[in-house]
Structures are given as structure tokens and as C-alpha cells.
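I have placed the structure first, in the form of C-alpha cells, so that the comments after it can refer back to it.
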Amino acid sequence: CKKGHKMTVSEWKKLQAEKLKEQKIKPIQKVSNSFIDSTLHKSNLPALKTIYYLSTILDKFDHNQELDTLTIDLREMLKYTELTAKDIRNNLRSMQETSISFIDEKNKIETFITLIPYIEFQWGKNKIIVKLFSKIAKLIIDAVGQYSFIDTKQLMRLQNKHSLKLLPILYKLSQYSPNVAKRASYDLDTLNDLFGTKYKRLVEIERKILAPAKEELDAESKLSFVYEIDYINLGQGRPKANKITIDLVEQKNPQGKLF
């Protein structure tokens with residue numbers, strides 16, 4: 001507004017409406033981002049493995065029904081994920097406490113759906129009964145789809161959640177044309193967003209994320225990487241870390257052969 005002009009209530013509402021319109025994205029995109037953020041982006045590795053295992057058995061899910069029941073063989077899940085029964089119980093309970101909002105902008109309806117509304121642990125029979133909404137099942141499949149290039153069972157061998165989050169980046173680099181450098185550079189904010197962290201310095205990301213992830217991928221995956229911190233000189237004093245450049249390394253004989 002002009003200097004000296006006091007904004008009226010109606011003008012303020014109009015301004016807010018315009019800002020909201022600029023920020024709007026498609027409802028399904030909003031839901032998908034929310035799902036990834038709440039269940040993948042900030043999760044620990046056992047939680048990620050639980051989600052990935054669910055995605056492998058959703059081929060049995062009847063998407064024609066709004067709500068369907070899945071029976072999980074606990075012994076098979078324990079063997080497949082290399083998790084403990086306590087891990088699985090805690091992860092499923094955590095998913096039950098997480099809800100996703102679906103927004104129907106046309107009819108002005110907002111719906112909240114729990115990721116897993118019903119869980120029954122039949123410890124004596126080594127079974128877990130879960131009820132899942134079709135909308136949530138589709139989101140799980142879509143969210144995990146970014147790892148479709150990896151055999152999910154082999155993926156379960158990873159022990160570092162950051163290794164898991166790096167793999168789609170490395171795979172994308174591997175698809176570059178032969179005459180293009182297979183590298184990408186990231187600043188601090190981008191790396192924090194990628195790994196769900198809040199580090200204040202790039203050297204912290206190097207020490208706590210990239211170094212241990214590289215060690216694991218060197219041993220387990222055909223796709224690994226090398227990295228270098230890029231510095232800028234601001235004049236007097238020590239140069240400042242500006243970004244980290246990651247270069248793809250395609251290994252022929254890694255010990256674990258993840259791909």
C-alpha cells in the first residue's frame with residue numbers, strides 16, 4: 001500500500017487471497033509432498049524399511065475398495081527387513097499417529113485420513129492385520145516409486161538412512177549422457193532439505209552424512225560417489241564453504257552388489 005495509506009479490512013483480505021492463490025499447488029501434489037515429508041523425509045531407517053516393505057505387499061491391495069485389509073506375515077517381514085518385532089510395532093504405531101490431509105478445492109472439503117487406521121498384532125500367530133485406505137496405499141506406492149530401480153530386498157541391507165536418500169540422486173546422475181559430467185552441486189539449504197537436517201555448516205554435513213554414507217555405498221552399491229567442498233574467497237580471512245559437489249562413481253565389483 002501507499003505510504004500514509006492505512007489498509008482497510010477488505011483490502012487486507014484481498015491481498016491475502018492473492019497471496020494464497022500464488023502459493024496454491026495441485027491438491028495431489030500437496031498431499032504427496034506432505035506424505036513424503038511426514039513419513040520419509042524425517043524418518044529413521046527402521047521406519048523407512050517398514051514403509052518400503054508395505055509397498056512390496058500392496059500388490060494384494062484391492063484399490064476398488066475405499067478401505068481394504070492386509071495380512072502381514074510377521075516372520076517374513078522380520079526376515080525381509082532385518083528389523084526386530086519391537087521396531088515394526090513402533091513404526092506401525094507411529095504411522096497410525098500420522099494423518100494426511102486431502103483437499104477438494106472444488107467442493108471446499110478437507111479430509112484427514114490416518115495412515116494406518118487399524119492395526120492388530122496377533123503375536124501368537126505371527127501375523128499383523130492392518131486396514132489401509134486406498135488413497136494412502138497409492139501414496140505409499142508413489143512415494144517409494146523413486147527407488148524402483150533398486151531391488152527392495154537388497155535395499156534392506158543398508159544401515160544408514162542417508163545412503164538411502166542419496167541413491168535416487170546417484171541414479172539420476174547415472175542417466176546423464178556419456179558426454180556430460182555426472183556431477184551435481186548443492187548448497188547448505190538444499191542439503192538440509194534433502195536429508196531432513198538443520199546443520200549450520202557444510203563441514204557438519206560432510207562429517208555426519210556424506211562420509212558415513214560414502215563408506216556404506218562403497219561397500220554395498222554399484223553406485224557411489226566422491227565429493228568436494230567448494231569455497232569462495234570473501235576477501236580477508238578464511239575462505240567460506242559455499243557448496244558441495246558430488247561426482248558419481250560407478251563401481252564394477254562392490255562387495256554387496258546393491259544393484
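Since we're looking at a predicted model, the values are computed, not measured.
With Asp230 contributing its side chain and Ile244 its backbone, the two residues share no donor-acceptor pair below 3.5 Å. Without hydrogens or angle criteria, Lys49 side chain to Leu158 main chain gives a donor-acceptor distance under 3.5 Å. No donor-acceptor pair under 3.5 Å is formed between the side chain of Glu216 and the backbone N or O of Pro212.
Evaluated for a side-chain contact (heavy atoms from CB on, under 4.5 Å) with His162, the options Leu210, Ile205, Ile209 yield exactly one hit, Ile209. For the pairing with Thr50, the side-chain contact (heavy atoms from CB on, under 4.5 Å) check across Thr81, Leu83, Asp87 returns one residue only, Leu83. The residue from Leu164, Leu170, Asn160 that alone fulfils the side-chain contact (heavy atoms from CB on, under 4.5 Å) condition with Leu217 is Leu170.
Of all heavy-atom pairs between Tyr176 and Ala181, the closest is CD2-O, 3.5 Å. Closest approach of Ser55 and Ile140 over heavy atoms only: CB-CG2, 4.0 Å. Counting all heavy atoms, side chain and backbone alike, Phe133 lies closest to Pro117 at CE1-CG, 3.8 Å. Among all heavy-atom pairs drawn from Ser163 and Ala213, the shortest one is OG-CA, 3.5 Å. The nearest pair of heavy atoms linking Asp68 to Gln65 is OD1-NE2, 3.9 Å. Residues Asn91 and Pro46 share a closest heavy-atom pair of ND2-O, 3.1 Å.
When side chains are defined from C-beta on, His63 counts as touching Ile141, because their heavy atoms get closer than 4.5 Å. Side-chain contact check for Thr69 versus Val130: every heavy-atom pair is 4.5 Å or farther apart. Counting heavy atoms from C-beta outward, Leu223 and Ser174 have side chains that approach closer than 4.5 Å. At least one side-chain heavy atom of Met95 sits under 4.5 Å from a side-chain heavy atom of Ile51. For the pair Ile57 and Ile72, the minimum side-chain heavy-atom distance is below 4.5 Å. Counting heavy atoms from C-beta outward, Ile229 and Val203 have side chains that approach closer than 4.5 Å. Side-chain contact between Leu115 and Leu139: absent, with no pair of heavy atoms (C-beta onward) separated by less than 4.5 Å. Within the 4.5 Å cutoff, the side chain of Val249 has no heavy atoms near those of the Asp218 side chain.
Tyr52 OH to Tyr80 OH: the interatomic distance, rounded to the nearest 0.5 Å, is 12.0 Å. Note that the CD atom of Glu82 and the CE atom of Met77 stand 13.0 Å from one another [nearest 0.5 Å]. Atom CD1 in Ile116 sits 9.5 Å away from atom CD1 in Ile128 (nearest 0.5 Å). Taking CD of Gln175 as the start and CG of Leu248 as the end, the distance is 10.0 Å to the nearest 0.5 Å. To the nearest 0.5 Å, the span separating CD on Glu206 from CG on Leu191 amounts to 11.5 Å. A distance of 9.5 Å separates CG in Leu167 from CZ in Phe225, rounded to the nearest 0.5 Å.
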**Request:** Evaluate the side-chain contact (heavy atoms from CB on, under 4.5 Å) criterion for residues Leu132 and Tyr118: first the C-alpha distance (whole Å), next the side-chain angles of each, then the deciding distance (0.1 Å), finally the verdict.
**Result:** CA-CA 7 Å; Leu132 207 63; Tyr118 179 91; over 6 Å; no
**Message:** Go through it in stages, so that I can follow the logic: the residues are Asn192 and Tyr199, the test is side-chain contact (heavy atoms from CB on, under 4.5 Å), and I'd like the CA-CA distance, side-chain angles, deciding distance and then a yes or no.
**Reply:** CA-CA 7 Å; Asn192 273 324; Tyr199 292 122; 3.8 Å; yes
**Message:** What verdict does the side-chain contact (heavy atoms from CB on, under 4.5 Å) test give for Arg93 and Gln96, after you've listed the backbone C-alpha separation in whole Å, the side-chain angles of each residue and the deciding distance to 0.1 Å?
**Reply:** CA-CA 5 Å; Arg93 288 284 291 115; Gln96 190 176 52; 2.7 Å; yes
**Prompt:** Where do Ile88 and Leu74 land on the side-chain contact (heavy atoms from CB on, under 4.5 Å) test, with the steps shown first?
**Reply:** CA-CA 9 Å; Ile88 293 170; Leu74 180 58; 4.0 Å; yes
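Judged by distance alone, the side chains of Glu228 and Thr245 never bring a donor and an acceptor atom under 3.5 Å apart. Checked by atom type, the side-chain pair Asp193/Thr190 shows no donor-acceptor distance below 3.5 Å.
Annotation for Glu66: atom CD does not count as buried by contact number, only 12 or fewer foreign heavy atoms lying within 6.0 Å. Around atom CD of Glu215, no more than 12 heavy atoms belonging to other residues, nucleotides or ligands sit under 6.0 Å away. Around atom NZ of Lys243, no more than 12 heavy atoms belonging to other residues, nucleotides or ligands sit under 6.0 Å away.
Residues Tyr231 and Tyr186 fall within the same hydrophobic cluster, defined by Ile, Leu, Val, Met, Phe, Trp and Tyr side chains chained together at heavy-atom separations under 4.5 Å.
For Phe121, the ring-ring contact (aromatic ring centres under 6.0 Å, His included) partners at least two apart in sequence or on another chain are Trp123. Take Asp247 and apply the salt bridge (charged side-chain N to carboxylate O under 4.0 Å, His left out) test, not counting sequence neighbours, and it matches Arg183.
Among residue pairs with one or both ends in residues 118-127, none qualify as salt bridge (charged side-chain N to carboxylate O under 4.0 Å, His left out); sequence neighbours excluded.
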